[in-house]
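Input: a single structure, listed below in structure tokens.
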Amino acid sequence: MAKLIKKRETLLFAIIVVMIVVFSTRAADFATPDNLAGIFNDTAILIILALAQMTVILTKSIDLSVAANLAFTGMAIAMMNAAFPGLPLIVLILAAVVIGAALGTINGFLVWRLEIPPIVVTLGTLTIYRGMAFVLSGGAWVNAHQMTPIFLAVPRTPILGLPVLSWVAIIIVALMYMLLRYSQFGRSAYATGGNPTAAVYAGIDTGRTKFLAFVLSGALAGLSSYLWVSRYAVAYVDIANGFELDSVAACVIGGISIAGGVGSVAGTVLGALFLGVIKNALPVIGISPFTQMAISGTVIILAVAFNARRERNRGRIILRDRAAAEIRTEAAA
């Protein structure tokens, strides 16, 4: 029980529960099942993007272009749907995933083969992909009346009390958990971020692992693009603007180490839900948008500080255990 209490995910879950209880004292309907389901649905796309970001961060990289990828891909499939309304929905969704993965491949190639720092690569492609969305659309919007009814309806369709959008997020969470916990890629991702030198000696191609992480991140951003455009029934150049920072924040709050190699899917999901609860609650209780930004920024800084302290403590424990082992060895000799 004590070990469970000390876990980051358990603490974060408890904080979220306390937040919901506190906010419900200000807004009576806040803690109702329907409203909580709505909060989860509102956070579903952020959860998917945060898992995409987590995969990259685990390899000691970062992807600042996920939201720009979403914007370009969303514009592309919205325009495809408007121009070719007879295309089956599954074709459009697959096209979104492929386009997103292709943009992720560009990031991965530049990081892997040209060895450019990930933050530099993705900061550049962030601007490029946004620019590509503008060039593709000519700055115009694609509105609801230009999209087909089935394109718009699917994410909103309820199944067992939850919209399809929420179920997609749940499925992605389950798949990412399996991938990172049980696959060779998952083990390689943790090893690449945790100790790259040891990973190389273990036969892991760290560059290729980072490349695959960027491809996966791009594919998830592509899937998110369809979910975003269809849910909000509009596509324009600045959709999801700032979501790249939200995805990083969700990871950091959830205990993902920016230094790589540390973190869990559960932590990332809880980090995204933490932000989702805050963003839904603060307007309800009358907090201004500028104060909301300040609160969110403060939470992120505190989470980074908490992570840094935890990693320092872990390092001290390792050194302490090593020193104790050396003392025992000398005593035995």
Side-chain angles (χ1 to χ4, degrees), residues 7-9 47-66 69 93-94 96-119 121-122 125 168-224 247-248 250-252 254-272 307 310-311 314-315 318:
K7 288 191 67 173
R8 173 65 169 263
E9 293 84 356
I47 289 173
I48 297 173
L49 284 181
L51 290 173
Q53 189 72 254
M54 171 195 171
T55 308
V56 176
I57 291 177
L58 282 178
T59 66
K60 210 171 187 177
S61 302
I62 195 168
D63 188 355
L64 297 178
S65 69
V66 285
N69 185 330
I93 295 174
L94 289 175
V97 173
V98 169
I99 294 170
L103 298 182
T105 298
I106 294 172
N107 290 335
F109 179 82
L110 293 174
V111 171
W112 179 22
R113 290 303 187 186
L114 301 187
E115 298 183 352
I116 304 174
I119 192 170
V121 168
T122 57
T125 53
V168 171
I170 291 170
I171 291 169
I172 294 298
V173 168
L175 291 176
M176 289 298 294
Y177 175 81
M178 298 293 290
L179 177 69
L180 293 175
R181 185 173 180 84
Y182 297 109
S183 73
Q184 181 178 349
F185 167 75
R187 291 189 291 271
S188 297
Y190 278 99
T192 296
N195 193 329
T197 303
V200 170
Y201 280 113
I204 295 172
D205 188 336
T206 56
R208 182 173 177 273
T209 300
K210 290 183 179 182
F211 171 78
L212 292 176
F214 276 107
V215 174
L216 179 57
S217 175
L220 290 175
L223 174 62
S224 298
S247 68
V248 173
C251 290
V252 171
I256 312 302
S257 172
I258 294 296
V262 176
S264 68
V265 169
T268 301
V269 172
L270 289 170
N307 289 348
R310 185 180 61 171
E311 288 164 17
R314 184 183 293 113
I318 292 172

Is any side-chain heavy atom of [X] less than 4.5 Å from a side-chain heavy atom of [Y]?
X	Y	answer
T192	I204	yes
F211	V111	no
T55	L179	no
Y190	L180	yes
S264	E9	yes
S65	N107	yes
I106	F214	no

Nearest 0.5 Å, what's the [atom1]-[atom2] distance between [X] and [Y]?
X	Y	atom1	atom2	answer
I48	I170	CD1	CD1	10.5 Å
L223	L94	CG	CG	10.0 Å
M176	M178	CE	CE	12.5 Å
I258	I62	CD1	CD1	5.5 Å
F185	R208	CZ	CZ	9.5 Å

Any donor and acceptor pair, going by atom type alone, linking the side chain of [X] with main-chain N or O of [Y] inside 3.5 Å?
X	Y	value
R187	Y182	yes
S217	A213	no
N69	G100	yes
S247	A50	no
Q53	D63	yes
S61	I57	no

- [ ] Can you spot which of T268, V168, L51 makes a side-chain contact (heavy atoms from CB on, under 4.5 Å) with V173?
- [x]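 Option passing the side-chain contact (heavy atoms from CB on, under 4.5 Å) with V173: L51.
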
TODO: Have a look at L220 and tell me which of L49, I172, V66 forms a side-chain contact (heavy atoms from CB on, under 4.5 Å) with it.
DONE: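 So, applying the side-chain contact (heavy atoms from CB on, under 4.5 Å) to L220 and each of L49, I172, V66, only I172 qualifies.
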
TODO: Could you walk me through whether L212 and T209 pass side chain to side chain contact (heavy atoms under 4.5 Å, CB included), step by step?
DONE: CA-CA 5 Å; L212 292 176; T209 300; 5.9 Å; no

TODO: Tell me, with the steps shown, if D205 and W112 meet side chain to side chain contact (heavy atoms under 4.5 Å, CB included).
DONE: CA-CA 10 Å; D205 188 336; W112 179 22; 4.1 Å; yes

Open item on the list: Just checking I119: does its CD1 atom have more than 12 heavy atoms from other residues, nucleotides or ligands closer to it than 6.0 angstrom?
Closed with: no

